[in-house]
Amino acid sequence: MANEDTIALPGQDYDAVPIDVLSKNTSIKTLDLSYNNIKKVESLESFKQLTSLVLDNNRIGSNNTFPNLPNLKTLSLNNNDISDLKEFIESIKNKFPNLTFLSLLKNPACPNYYFTGLDFNDYQKYRYYILYHLKNLKFLDSTPVTPEEIKEAERQGIYSIPAKPTQQDIIPDEVDEDEPVYKSLSSELAQEGKGKASFGVSTYVYYGRQSEDIISLISNFTQSNNSSIVGSNHQNLLIFNGANSTSCFEGGLGGHRRCC
């Protein structure tokens, strides 16, 4: 996606900054290359107007040769492979003189206080170290920088680099074991614009005292719409309407409703 000031190319499987794509748009102010496989930040020397660079969810390490970007204010590098905080800060501290927002969450060099509630002291040392070297920061990891932190960073920041973590104890996303799991569409149907199936939401609700009611309803629905039942369990029935829709009925013996 692109407009006059912004280029966003997330999830394109780039292994490097796609300079061939970007070379004709060096006057942009915002560049988003998140969710790719980029390992090093390079070839951005011509993008002097950049104010925001988003590189979340890549494979960027500690050692990068960043260009001088005098107007850059936002640098987001969440969930990368930055493991050496000292090396990383050295690579950026003289390149972005107007940087006010930096986020390094979910990198090995960032103690994971926000994800486990642990390592608060290490996380605070990490903040002091960064604030000592990057004097203009207003936000670090989405948290505002306080006057007290700035004062403490001046006092002890140069000595406050935390020990390198050996393991990131990030809490995994909780999984609801009772939630049904559905298989994805085939690759042919999944291609945008090529599949004949579509999903929609209906407000129609059907009630019946016995299970025969829903069976009769579904039988009539499938016959009148050239449809067939493609999946079911004790509470759900999935019906494929051969023309252009899919319908799902769910409910137990006490009531049934068309949910899509």
Side-chain angles (χ1 to χ4, degrees), residues 4-8 17 22 25-34 38 40-58 60-115 119-165:
E4 187 174 333
D5 294 324
T6 301
I7 290 181
V17 174
L22 302 174
N25 298 278
T26 57
S27 62
I28 59 171
K29 294 182 178 180
T30 298
L31 176 59
D32 182 352
L33 294 173
S34 54
I38 298 169
K40 298 197 72 172
V41 181
E42 52 193 1
S43 304
L44 291 176
E45 294 82 1
S46 300
F47 294 80
K48 299 298 185 181
Q49 303 305 312
L50 270 184
T51 60
S52 178
L53 180 58
V54 181
L55 295 162
D56 298 339
N57 296 282
N58 278 281
I60 296 166
S62 309
N63 183 15
N64 286 274
T65 305
F66 285 95
N68 289 301
L69 298 175
N71 293 304
L72 194 71
K73 295 182 178 180
T74 296
L75 178 61
S76 187
L77 286 158
N78 297 316
N79 198 21
N80 276 278
D81 294 330
I82 299 168
S83 59
D84 190 320
L85 184 61
K86 182 178 180 180
E87 183 177 25
F88 174 75
I89 294 299
E90 286 295 319
S91 73
I92 70 169
K93 70 177 185 179
N94 295 320
K95 302 299 180 69
F96 314 133
N98 289 303
L99 192 67
T100 57
F101 177 99
L102 173 66
S103 190
L104 300 174
L105 292 172
K106 297 184 74 175
N107 277 280
C110 176
N112 55 20
Y113 171 70
Y114 276 103
F115 298 94
D119 299 329
F120 177 78
N121 289 334
D122 279 346
Y123 181 70
Q124 195 62 63
K125 289 179 180 178
Y126 150 94
R127 287 179 68 88
Y128 291 154
Y129 183 81
I130 293 176
L131 294 176
Y132 177 83
H133 289 284
L134 303 178
K135 308 290 188 183
N136 293 324
L137 281 189
K138 304 300 182 186
F139 289 84
L140 176 56
D141 299 336
S142 299
T143 301
V145 175
T146 66
E148 292 77 13
E149 281 185 310
I150 294 174
K151 185 182 295 185
E152 196 62 27
E154 284 297 322
R155 189 178 73 84
Q156 62 165 301
I158 192 172
Y159 308 109
S160 295
I161 189 167
K164 294 181 183 178

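For this chain, numbers begin at 1 and follow the sequence in order. What you see is a predicted model, and the numbers here were worked out from it, not measured in a lab.
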Is the [atom1] atom of [X] crowded by more than 12 outside heavy atoms at less than 6.0 Å?
X     : atom1 : answer
Lys29 : NZ    : no
Lys48 : NZ    : yes
Lys95 : NZ    : yes

Worked check of side-chain contact (heavy atoms from CB on, under 4.5 Å) between Leu140 and Ile130: CA-CA 9 Å; Leu140 176 56; Ile130 293 176; 4.1 Å; yes
Of Asn64, Leu75, Thr65, the residue whose pairing with Val41 passes side-chain contact (heavy atoms from CB on, under 4.5 Å):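 Among the candidates, only Asn64 passes.
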Between [X] and [Y], which heavy-atom pair has the shortest distance, and what is it?
X      : Y      : value
Ser83  : Ser62  : N-OG, 3.0 Å
Pro111 : Tyr123 : O-CD1, 3.5 Å
Asn80  : Leu55  : ND2-O, 3.0 Å
Asn63  : Glu87  : CB-OE2, 3.3 Å

Ring centers of Tyr129, Tyr132 separated by less than 6.0 Å: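 Ring centres of Tyr132 and Tyr129 not closer than 6.0 Å.
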When rounded to the nearest 0.5 angstrom, what is the spacing between [atom1] in [X] and [atom2] in [Y]?
X      : Y      : atom1 : atom2 : result
Asn58  : Asn78  : CG    : CG    : 11.0 Å
Glu149 : Thr143 : CD    : OG1   : 8.0 Å
Cys110 : Ile82  : SG    : CD1   : 10.0 Å
Asp84  : Glu90  : CG    : CD    : 10.0 Å
Gln49  : Thr30  : CD    : OG1   : 12.0 Å
Leu44  : Leu69  : CG    : CG    : 6.5 Å

Counterpart residues, side-chain contact (heavy atoms from CB on, under 4.5 Å), relative to Asp32 (two or more places apart):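 Result, side-chain contact (heavy atoms from CB on, under 4.5 Å) vs Asp32: Ala8, Ser34, Val54.
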Side chain of [X], backbone of [Y]: donor and acceptor closer than 3.5 Å?
X      : Y      : value
Asn107 : Leu77  : yes
Asn79  : Asn57  : no
Asn25  : Ile28  : no
Gln156 : Ala153 : no
Asn136 : Thr100 : no
Asn71  : Thr51  : no

Side-chain H-bond candidate by donor/acceptor type, Asp141 with Tyr126, under 3.5 Å: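 Note: Asp141 and Tyr126 side chains meet the donor-acceptor criterion.
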Min side-chain heavy-atom separation Asn98-Leu72 under 4.5 Å: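 With C-beta onward as the side chain, the pair stays apart.
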Residue pairs, two or more places apart or on separate chains, that pass ring-ring contact (aromatic ring centres under 6.0 Å, His included) and touch residues 65-101: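 Every pair satisfying ring-ring contact (aromatic ring centres under 6.0 Å, His included) with a residue in residues 65-101: Phe66-Phe96.
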Presence of salt bridge, Glu152 and Arg127, under 4.0 angstrom: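 No, no charged N to carboxylate O under 4.0 Å.
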